[in-house]
Amino acid sequence: MKNDFRLSYPLWMMAFIVVLGVLAFGLNSPIAEFVNTESETSLTIQLEALDGFIVFCSIILYFGLMAVYLLRLRKHNKENPSQKISPFAIRPPEYLEQDEGMTFITRKAVQKVYSFITLALPTLAAFAIVLPVPRLLIIYGILAIAFGQYLIYYLEIRKHFKEETE
């Protein structure tokens, strides 16, 4: 159970969130200009050299991370035909419910995540409504909440597995 892919799933999602944050940083500083001619209207985005490099590297990193993730997922599905994980499933694959103990641990972790989101989302919304917050900070707030939920879940699950091995 210790090497179960579903235990490392939150770490994968946190890595994707960090890469998306870097991509958002790179895309936040473009100079956008509307080109309006008689035949077409388009939006041109010009990036500075460093911003372009950050965007390019983060896109390459994202797709590389996606490829490694899908290979690892495929390996897990081959090794565990009874516990296959679909990359397009609606139900989160980190739900570990083989027995009553795992169901309890999963429920406890999910309750902590739910409590966090119940406080974090309205707080972020209130700041975004009341203060003149830049768009990038709102995006970072959403990514931070997503990162936080996976971190809380992972730490709770890991705590129980550390207790189990001792």
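Computed over heavy atoms, backbone and side chain alike; hydrogens, waters and symmetry mates excluded.
Between the OG1 atom in T106 and the OH atom in Y153 there is a gap of 4.0 Å [rounded to 0.5 Å]. Distance check: I152 CD1 to I117 CD1 gives 8.0 Å after rounding to the nearest 0.5 Å. Between the CD1 atom in I17 and the CH2 atom in W12 there is a gap of 14.0 Å [rounded to 0.5 Å]. Interatomic distance, CD1 of I85 versus CZ of R74, reported as 15.0 Å (0.5 Å rounding). One distance of note links CE of M14 with OG of S8; it measures 10.0 Å at 0.5 Å rounding. Here the CD1 atom belonging to I59 is positioned 11.0 Å from the OH atom belonging to Y62, to the nearest 0.5 angstrom.
Ring orientation note: the planes of Y69 and F16 are nearly perpendicular, at an angle over 60° on the 30°/60° scale.
Residues satisfying the side-chain contact (heavy atoms from CB on, under 4.5 Å) test with S86, not counting sequence neighbours, are F88, A89. For L131, the side-chain contact (heavy atoms from CB on, under 4.5 Å) criterion is met by F127, V133, not counting sequence neighbours. Contacts of K112 classified as salt bridge (charged side-chain N to carboxylate O under 4.0 Å, His left out), with partners at least two apart in sequence or in another chain: E156.
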- For R107 and T103, what are the C-alpha separation, side-chain angles and deciding distance, and is it a side-chain contact (heavy atoms from CB on, under 4.5 Å)? CA-CA 6 Å; R107 183 174 296 129; T103 302; 3.7 Å; yes

- Query: So K108 and I105, side-chain contact (heavy atoms from CB on, under 4.5 Å) or not? Walk me through it.
  - Reply: CA-CA 5 Å; K108 188 174 178 183; I105 292 169; 5.8 Å; no

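Residue M66 is grouped with residue V19 when hydrophobic side chains (ILVMFWY) are merged at heavy-atom distances under 4.5 angstrom, including chains of intermediate members.
Formation of a donor-acceptor pair under 3.5 Å by the Y140 side chain with backbone atoms of G21 is found in this model.
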